Amino acid sequence: MTNDEARMRDGIAGQRWYCVLFWAAHAARVLAIADFPKDCFGETAKPARETRALPNRLSRGFNLRCNCAFLHDFLPVRRAIYPGSFDPVTNGHLDVIERARTLFDEVIVAVAINDQKQPLFTPDERLAMLRQAITIDAVRVAPMDGLLVEFAASESAHAVVRGLRAISDFEFEFQMALMNRKLDPEIETIFLMPKEEYTYLSSRIVKEIARLGGDVSAFVPSLVAEALAKKFNPELGNVAAVI
């Protein structure tokens, strides 16, 4: 055997040992962080903030059976932004949030803070009402000031969810989606339709009905209906008492 052949043989053997050592170290790390038997059989459930939904392509039912930490640590989080003024939040908004949550591991409801508009509720009131009205897990409410694409990038989100109620919404939403894509090609916009009974519903219509003394309890969460009543009827007290 020549010297070149001997060096080649030693080099191949060395590479094999590197592979063996790498996978041994990887297995040790997995066993150390996972506590595999307890996590899998539910004896020590992980806190809610540490668990995340597994992608649908793995198994829809797997999330209900296993909280294995090492699987969740290595899977990417599918995060989406649902932006809007939410002045106030309606049942249509909540329906879109619920639908978005079935598609993404985490949904961030971004409350737009726009000084040029004159909202009925202050940013803090809108944030408080949303946080009380949303009862779905892995949904977070946050204020948003500035460009939507910049906010999405800061939250490591690659999708924007928008609700479509009618054909009249599409032209404006389509224009905004194309502009956001121009600003950041990595951001995708997904349009979701709410239930049929919410297709005519909007915050503007709800406020108008409440202003004229109508009953809006079928269109918004109860806490929002009470807040609207107190906004348009100051003698009932401060809206802050409700939210």
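All of these numbers come straight from a predicted model, not from anything done at the bench. FYI, the numbering just counts along the sequence from 1.
Applying the salt bridge (Lys or Arg N to Asp or Glu O under 4.0 Å) criterion to Asp215, with sequence neighbours excluded, gives no partner residue. Contacts of Arg211 classified as side-chain hydrogen bond (donor to acceptor under 3.5 Å, both in side chains), with partners at least two apart in sequence or in another chain: Glu208. For Asn91, there are no side-chain hydrogen bond (donor to acceptor under 3.5 Å, both in side chains) partners at least two apart in sequence or on another chain. For Thr122, the side-chain contact (heavy atoms from CB on, under 4.5 Å) partners at least two apart in sequence or on another chain are Asp124, Glu125. For Asp169, the side-chain hydrogen bond (donor to acceptor under 3.5 Å, both in side chains) criterion is met by Arg165, not counting sequence neighbours. With sequence neighbours left out, Asp145 forms a salt bridge (Lys or Arg N to Asp or Glu O under 4.0 Å) with no residue at all. With sequence neighbours left out, Ala225 forms a side-chain contact (heavy atoms from CB on, under 4.5 Å) with Val216, Val220.
In this structure, Leu103 CG and Glu98 CD are separated by 11.5 Å, a value rounded to the nearest 0.5 Å. Met179 CE to Asp184 CG: the interatomic distance, rounded to the nearest 0.5 Å, is 13.5 Å. How far CZ of Arg78 is from OG of Ser156: 16.0 Å, rounded to the nearest 0.5 Å. Annotation: the span from Arg162 atom CZ to Leu148 atom CG amounts to 8.0 Å, rounded to 0.5 Å. Atom-to-atom distance recorded for Thr102:OG1 and Ile136:CD1 is 9.5 Å, nearest 0.5 angstrom. Atoms CD1 and CZ, on Ile190 and Arg99 in that order, are 14.0 Å from each other to the nearest 0.5 Å.
Legend: salt bridge (charged side-chain N to carboxylate O under 4.0 Å, His left out) pairs involving residues 82-91, not counting sequence neighbours, sorted by first then second residue: Asp87-Lys207. Screening residues 174-196 for ring-ring contact (aromatic ring centres under 6.0 Å, His included), with sequence neighbours left out, gives Phe170-Phe174. A ring-ring contact (aromatic ring centres under 6.0 Å, His included) check over residues 77-102, counting only residues at least two apart or in different chains, returns the pairs Tyr82-Phe86, Phe86-His93. Within the structure, side-chain hydrogen bond (donor to acceptor under 3.5 Å, both in side chains) pairs that include any residue of residues 185-202 do not occur (at least two apart or interchain). Screening residues 149-158 for salt bridge (charged side-chain N to carboxylate O under 4.0 Å, His left out), with sequence neighbours left out, gives Arg140-Glu155.
Counting non-hydrogen atoms of other residues, nucleotides and ligands closer than 6.0 Å to CZ of Arg181 gives a total of 12 or fewer.
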After noting the C-alpha distance and the side-chain angles of Phe232 and Leu120, does the key distance pass the side chain to side chain contact (heavy atoms under 4.5 Å, CB included) rule? CA-CA 10 Å; Phe232 292 113; Leu120 176 64; 3.8 Å; yes
CA sep, side-chain torsions, deciding dist, call: Leu228, Phe121, side chain to side chain contact (heavy atoms under 4.5 Å, CB included): CA-CA 9 Å; Leu228 283 168; Phe121 294 97; 3.7 Å; yes
Show your working on side chain to side chain contact (heavy atoms under 4.5 Å, CB included) between Val161 and Leu192 and close with a plain yes or no. CA-CA 7 Å; Val161 172; Leu192 296 178; 3.7 Å; yes
Walk me through it: do Val109 and Ile134 pass the test side chain to side chain contact (heavy atoms under 4.5 Å, CB included)? CA-CA 10 Å; Val109 180; Ile134 297 173; 4.0 Å; yes
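Cluster annotation: Met144 is not connected to Leu127 through the hydrophobic network of ILVMFWY side chains, with a link wherever side-chain heavy atoms come within less than 4.5 Å. By the criterion of side-chain heavy atoms lying less than 4.5 angstrom apart, applied directly or through intervening Ile, Leu, Val, Met, Phe, Trp or Tyr residues, Ile81 is not grouped with Ile97; the two fall into different hydrophobic clusters. When the side chains of ILVMFWY residues are joined at heavy-atom separations under 4.5 Å, either directly or via intervening members, Leu201 and Leu94 end up in a single hydrophobic cluster. Residues Met176 and Leu178 fall into different hydrophobic clusters, defined by Ile, Leu, Val, Met, Phe, Trp and Tyr side chains chained together at heavy-atom separations under 4.5 Å. Cluster membership for Phe219 and Leu130, using ILVMFWY side-chain heavy atoms within less than 4.5 angstrom, is shared.
Nearest heavy atoms, Pro119 versus Arg126: CG-NH2, 3.8 Å. When all heavy atoms of Arg79 and Ile108 are compared, the closest pair comes out as CD-CD1, 3.5 Å. The minimum heavy-atom distance between Val96 and Gly163, with the atom names listed, is CG2-CA, 4.3 Å. Residue Ile187 comes nearest to Ala157 through the heavy atom pair CD1-O, 3.4 Å, listed as atom of the first residue, atom of the second, then distance. When every heavy atom of Ala227 is checked against every heavy atom of Met129, the shortest pair comes out as CB-SD, 3.9 Å. Heavy atoms only, all atoms of each residue included: Ile113 and Pro143 are closest at CG1-CB, 4.3 Å.
Between the Arg101 side chain and the Val107 main chain, no donor and acceptor come within less than 3.5 Å of each other. At distances below 3.5 Å, at least one donor-acceptor pair connects side-chain atoms of Arg131 with backbone N or O atoms of Val141.
Side-chain contact between Ser203 and Pro88 is present, with heavy atoms from C-beta onward closer than 4.5 Å.
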